[in-house]
Novice: 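This is the structure, below, for whatever I ask next.
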Protein chains: 2
Amino acid sequence: MVNDTRQLNRMAVLTELLRIRPASRKQLAAASGLSAATVTRAVEQLIAEGVLVETSELVSEQRGRRAVLLDVVADRTFVVGVDLGASNARILLADLVGTPVERRELATPVRADAAELAEWLASAARDLAGDRWDRVERLYLGLPGAVGRDGSTISNAPNLPQVEAPGFLELVRLAADRPVGADNDANLALLGEQHFGAARAAPTAVMVTIGAGLGAGIAIDGRILRGARGVVGEFGQLPAGPLGTRLELMVTGPGIMRLAAEAGVRLGSPADLFATDASEPVRALRAHFDQAMLIVLTAATVSCEPEVIVLGGGIAKSLARDLGRYETVLEHHLGTAPRLTASELGDFAGATGAVVAALHEVYRSMGIDERAFGDLPVAAAV
Amino acid sequence: MVNDTRQLNRMAVLTELLRIRPASRKQLAAASGLSAATVTRAVEQLIAEGVLVETSELVSEQRGRRAVLLDVVADRTFVVGVDLGASNARILLADLVGTPVERRELATPVRADAAELAEWLASAARDLAGDRWDRVERLYLGLPGAVGRDGSTISNAPNLPQVEAPGFLELVRLAADRPVGADNDANLALLGEQHFGAARAAPTAVMVTIGAGLGAGIAIDGRILRGARGVVGEFGQLPAGPLGTRLELMVTGPGIMRLAAEAGVRLGSPADLFATDASEPVRALRAHFDQAMLIVLTAATVSCEPEVIVLGGGIAKSLARDLGRYETVLEHHLGTAPRLTASELGDFAGATGAVVAALHEVYRSMGIDERAFGDLPVAAAV
DNA sequence: TCATTTTGATTTCATCCAGCAATCAAAGTC
DNA sequence: GACTTTGATTGCTGGATGAAATCAAAATGA
């Protein structure tokens, strides 16, 4: 049968429970639109499978029988999300509902070859998980490069070329003995910000990460836009500088230093460009930078009309003061502008997004409808 | 019941029939994954409702009972698609499966106010449909401006400001006594090319229209990307020209003429810029144009990594020779490039897309799952 | 203290619907 | 004219839902 009603309804109940956790059977019936009888039967089966448990009863002032609260068994399943940067790796262990339980920041073993890197990743994950390792169901990696739509072809990762080796992900899979997924780090950072950070409740959003390079992730209606070859969001490649230079050469850390050198200006670090008491030649450089940034932001805006653009990465930290100004100019040019905001999750945005992506895979394997992934997992109410 | 199996399966059968028309019950069972018994019952009901009919039997060389072919009753329902341009309006009558039955090109009554324009549209539609008018279920308009996500707020239509009047669509609805939808003309042109033109079988595609203005439509996985305020695809707003001028001022017809005048070059028409025997100063202008075009094309590529970019509009006609060159440069910059191709539907792309959009509304009202819209209606096999 | 009320969960029961398999229908083949 | 083959229909069974009755567990009030 194409349409297995039973399974469908069971998953609808589970989905609602993940959304409004914990909840009574009655609440689930109302939220899912199913009858109380069906919910009772679905819950019965889910409890038998060990997916749900009855938790403490809801204490209320009302009269009448007390509702029995249900919750998913969160600590039966864990995932590990890794943001494998060119210099540092952030690694995060989270449970089935997305609660982070362990986090760690390590130096990436940049000299390791693909096999050694895979081994290192697996042992780092094992280490982080400790005795929960046998309950870890998946790893997910954020990589500083383009990941093809198939989720295995990796290219364009000049800062960590080992990961481009064919079969790298397979090596990680073998070393960790777990399914492994991967995506571009900018995509995952956006996914993280959408579920737990600055882009909460913004199903259509862009995250621009500016540091050593320029990358962007685009999410439309809660889904990360992933091209076949991973060039989505490469706004840095726009040949929009003077003489057709690429924007990447203008707004990234190395680009700023190079431009300054060419102009005969001495900068201690890229951050000096943004000093409030800068000298006149630095200000001139700054004007060029601003123009390039505006092109990037305009391109991001017209590419999908996001509700919010999140800025992350080293350079973005220096831009906090300027977001309002950029927003005004965008509004002036386009008649409307997305909200510009700094990353909330900072260095762990990528690892957080990797956790979210890993959980989506787990949810998929459980049979939950993909259309619910936009708002799952839900950030725990504070 | 949240999940009405019966209705779901009936619509699955109808959807498959729309895809592989005409087909026997057995074919439908195979295509939909349902059992033959269920298909028989679903078809019985659909025939009773007048949605399907049995057509001539399939004559085959095989032995055995002949399959009875089924087809949707296409001429029971029509839609009208209109591309309301600033100077010309194209209007198209099509049946339920997207077969165009009447087409007409009229001068837009540019001096009419909103109410008069609405009346004019309604009578043009009535006129085109003739005695089929009572079977016309919907109108759909392509407008030279931004249409909000709600499908009624229209803005940014300087070339036909009447349509910005609040309630314009409501006036059309009243005048035609039919439901009316609207979208940006570039979006609809893309939709048309995706279903019947150059972007067939390309679920992710961009269409860039360059004429008096620059507009673009973006489709991802068969769905037109529609922003809340309609700035999606406004690549012409990128402030990427010299001194931050907008690209729109460089690649459109008026922009070309203006740049030429500023450079002291005399051009009879924008098309002269693309003459093969151009003089040296014209070639210099042409180089600037090419650079601006490359920025637009790069922006379009990194915005969603389309499989194909369709170029339409007056200026694009002059670019046919250059598409290969652009493609090569893009490939060189990005490592990968979409296929660049000229519009196949030409002036009627927008009206065709309006028909497709109208049919989607009709399909939706019939209960067909939106996820099937990506490949419905299907272009008739030649 | 105990009947009453209220609310949540479960169970009973009628109904609906899909799929399997048997049957019917309509052709060609030997 | 019996047999084979293929497509469509129908009888039957099992599974799943929802409405309503029932059970369960609490507070309330006489």
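Source: prediction; values computed, not measured. Here is how names work: the chains are called A, B, and so on, in the same order as the sequence lines, proteins then strands, and each is numbered from 1.
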Novice: Just the rounded figure in Å: distance from C1' of C:dA25 to NZ of B:K26.
Specialist: 14 Å
Novice: Got a donor-acceptor contact below 3.5 angstrom from the A:H360 side chain to the A:G374 backbone?
Specialist: no
Novice: List for me each residue that meets side-chain hydrogen bond (donor to acceptor under 3.5 Å, both in side chains) alongside B:E170, sequence neighbours excluded, and say none if there are none.
Specialist: B:R173
Novice: Given A:R200, which of A:E193, A:Q194, A:E344 fulfils the side chain to side chain donor-acceptor pair (under 3.5 Å) condition?
Specialist: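 Of the listed residues A:E193, A:Q194, A:E344, the side chain to side chain donor-acceptor pair (under 3.5 Å) partner of A:R200 is A:E344.
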Novice: Separation of A:L8 atom CG from D:dA16 atom C1', in whole Å?
Specialist: 12 Å
Novice: Would you tell me if any nitrogen or oxygen in the side chain of A:R66 comes within less than 4.0 Å of OP1 or OP2 on C:dT6?
Specialist: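 Checking A:R66 against C:dT6: no side-chain N or O falls below 4.0 Å of OP1 or OP2.
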Novice: Show each protein N/O and nucleotides 11-17 of chain C N/O combination with a separation under 3.5 Å, one pair to a line.
Specialist:
unit_1 : atom_1 : unit_2 : atom_2 : d
C:dC17 : OP2    : B:R6   : NH1    : 3.3

Novice: Please state how far atom CD in A:Q45 lies from atom P in D:dT17, giving the value in whole angstrom units.
Specialist: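 Nearest whole value for this atom pair: 10 Å.
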Novice: Which residue pairs pass the salt bridge (charged side-chain N to carboxylate O under 4.0 Å, His left out) test when at least one of the two sits in residues 45-55 of chain B, sequence neighbours left out?
Specialist: B:R10-B:E49, B:R25-B:E54
Novice: Could you give the CD-to-P distance, from A:Q7 to D:dT17, as a whole number of Å?
Specialist: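 Rounding to the nearest Å, CD of A:Q7 and P of D:dT17 are 11 Å apart.
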Novice: Applying the side chain to side chain contact (heavy atoms under 4.5 Å, CB included) test to B:L169, which of B:T153, B:L141, B:V147 qualifies?
Specialist: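 Per the side chain to side chain contact (heavy atoms under 4.5 Å, CB included) rule, the option paired with B:L169 is B:L141, out of B:T153, B:L141, B:V147.
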Novice: Could you state the interatomic distance from CG (B:L128) to CG (B:L93), rounded to the nearest 0.5 Å?
Specialist: 5.0 Å
Novice: Run the side-chain hydrogen bond (donor to acceptor under 3.5 Å, both in side chains) test against A:T204 and tell me which residues pass, sequence neighbours left out.
Specialist: none
Novice: When the distance from CG of B:L28 to P of D:dG7 is rounded to whole Å, what number comes out?
Specialist: 13 Å
Novice: Side-chain donor-acceptor contacts of residues 37-44 of chain A below 3.5 Å, not counting sequence neighbours, with atom names and distances?
Specialist:
unit_1 : atom_1 : unit_2 : atom_2 : d
A:T38  : OG1    : A:S35  : OG     : 3.0
A:T40  : OG1    : A:A36  : O      : 3.2

Novice: Rounded to the Å, how far apart are A:I47 CD1 and C:dT10 P?
Specialist: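 Those two atoms, CD1 and P, are 8 Å apart.
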Novice: Round to a whole Å and report the spacing from CG of B:L70 to C1' of D:dT9.
Specialist: 14 Å
Novice: For the pair made of CG in A:L52 and P in C:dA9, what is the distance, rounded to whole Å?
Specialist: 13 Å
Novice: Hey, does B:D369 have a side-chain heavy atom less than 4.5 Å from the side chain of B:T15?
Specialist: no
Novice: Can you pull every protein N or O that's under 3.5 Å from an N or O on nucleotides 28-30 of chain D?
Specialist:
unit_1 : atom_1 : unit_2 : atom_2 : d
D:dT28 : O4'    : A:R63  : NH2    : 2.7

